[in-house]
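Structure, as structure tokens:
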Amino acid sequence: MNHTSYIEISKSAYKKNIQFIRSEVGEKTTISAVIKGNAYGHGIENIVSIAEGAGIRHFSAFSADEAIRVYRASKRNSQIMIMGMLENEDLEELIKKGISFFVFEFDRLEETIKAAQKLQIKAKIHVEVETGFHRTGFEWEDREALLKMLEDHQDVLVLAGLCTHYAGAESITNYVRVRGQIEKYHAYKDWLIEKGLSFERFHTACSAATFSYPETIMDMVRIGIASYGFWPTQETYMYKFKSLPENNKNPLKRLISWKSSIMSLKKVKMGDFIGYGSSYMAPRDMLIALVPIGYSHGFSRLLSNQGKVLISGKIVSVVGTVTMNSIAVDITDLKGVEKGDEVVLIGKQKKNEITVASFGESIQQVNYELLTRLPLDIPRKIIV
Ligand SMILES: *Cc1c(COP(=O)(O)O)cnc(C)c1O
């Protein structure tokens, strides 16, 4: 069966992004590829294969189900880490498979210890400490109890990491808060080390922290958005811009392109309304192309009378409302357009380009959200 659109994912773009991130973090730091949210919409299996081809051997998932998908897709025996959700009943399977996970509360720590004792296999844990994100993490006040549990169960625990997550390193507005978090993390880290604990890796940085607070890089960075070719925010890009070499001012490359084709053409008379309701009345005799993409495919309804797509290499506008399955596009000024012609929703066509950012800006949706809302069932294919 044919789908109404497809997504292309560029291997070479991913490689370039990793090269750039590598140049930022140095040779010694592990780059963990964050693949939560179905690898930011790209597809976990696609990204595991592409990333391993680019030398990545560490992946970060949000939840146990994602981690298992990485485990099945990995051909290089990569390390896998869960940063968020798992059920206590998942623990045995994760421990058996050698999948590591964040531990940020006593309940999970106790259950982990029990599961590891039962299996007689060490559990690999990353101890997450609260530094000011106020979502998950052991409080500073809990440090004595935490230390005691870790010390008492060294026989069943591998302390794979000591970690935290920053609350908004992508915006200068949060500067004071992030600075405070860095200090708190170091206080916790120094205290645990002084008490005699050691950890395989210290890791705190996401993409924005890596670029804007290089002292947060440490043994490992957890990189999501930048590996997919986007700056966390325009602000992060501006902050970095001056220090980028003259011949490489645009080191992050988008992997994703989203394409469809024209379903049919229609002539519309001046004064006719296009689509549902009366949101668009033809101001002249027009030629309209129907494209079989709508809000059910992730093309937001908010793009009604606003969205742009590429046809014949030209930027053309959505007219009327975005419906569940289609949009109408004004092609009155284009010549020789035919049914079946390619329509680019995100990506390049001849000299023009629609970036995810510009797509998102018109409806105030950040890259992260737009990418992860691309439906799972749109076919994705890997290209060079
Ligand atoms: C999502 C996430 C990251 C990666 O964030 P990016 O901004 O996409 O680089 C890193 N660490 C944690 C804990 C996360 O949840």
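Quick caveat: nothing in here was measured; it's all calculated off a predicted structure. Numbers here are sequence positions counted from 1. Order of appearance sets the numbers: ligands from 1, and atoms from 1 within every ligand.
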Lys381 NZ/CZ over Tyr6 ring centroid, <6.0 Å and within 45° of normal: yes
Would you mind checking which non-hydrogen protein atom is closest to [atom], with the distance to 0.1 Å?
| atom | answer |
| --- | --- |
| atom 8 (O) of ligand 1 | Tyr40 OH, 2.5 Å |
| atom 9 (O) of ligand 1 | Ser207 OG, 2.5 Å |
| atom 11 (N) of ligand 1 | Arg222 NE, 2.9 Å |

Nearest neighbour of atom 2 (C) of ligand 1 from the list Glu170, Arg135, Lys36, on a heavy-atom basis: Lys36
For ligand 1, which atoms have a heavy atom of [X] less than 4.0 angstrom away?
| X | result |
| --- | --- |
| Tyr368 | 6 (P), 7 (O), 8 (O) |
| Cys206 | 4 (C), 5 (O), 9 (O), 10 (C) |
| Ile225 | 6 (P), 7 (O), 8 (O), 9 (O) |

Polar side-chain atom of Ser74 near backbone of Tyr71 as donor-acceptor pair, under 3.5 Å: no
salt_bridge(Glu93, Lys97) N-O dist < 4.0 Å: yes
Which segment of His165 sits under 4.0 Å of ligand 1 when only heavy atoms are counted: side chain
Aromatic centroids of His42 and Tyr228 separated by under 6.0 Å: yes
Sub-6.0 Å ring centroid separation between Phe211 and Tyr237: no
Within-cut-off N or O pair, Gly224 and ligand 1, under 3.5 Å: yes
Min heavy-atom dist Phe62 to ligand 1 below 4.0 Å: no
Interatomic distance, Asn250 atom CG to Phe20 atom CZ [nearest 0.5 angstrom]: 10.0 Å
Under 3.5 Å side-chain donor-acceptor pair for Asn38 and Arg69: yes
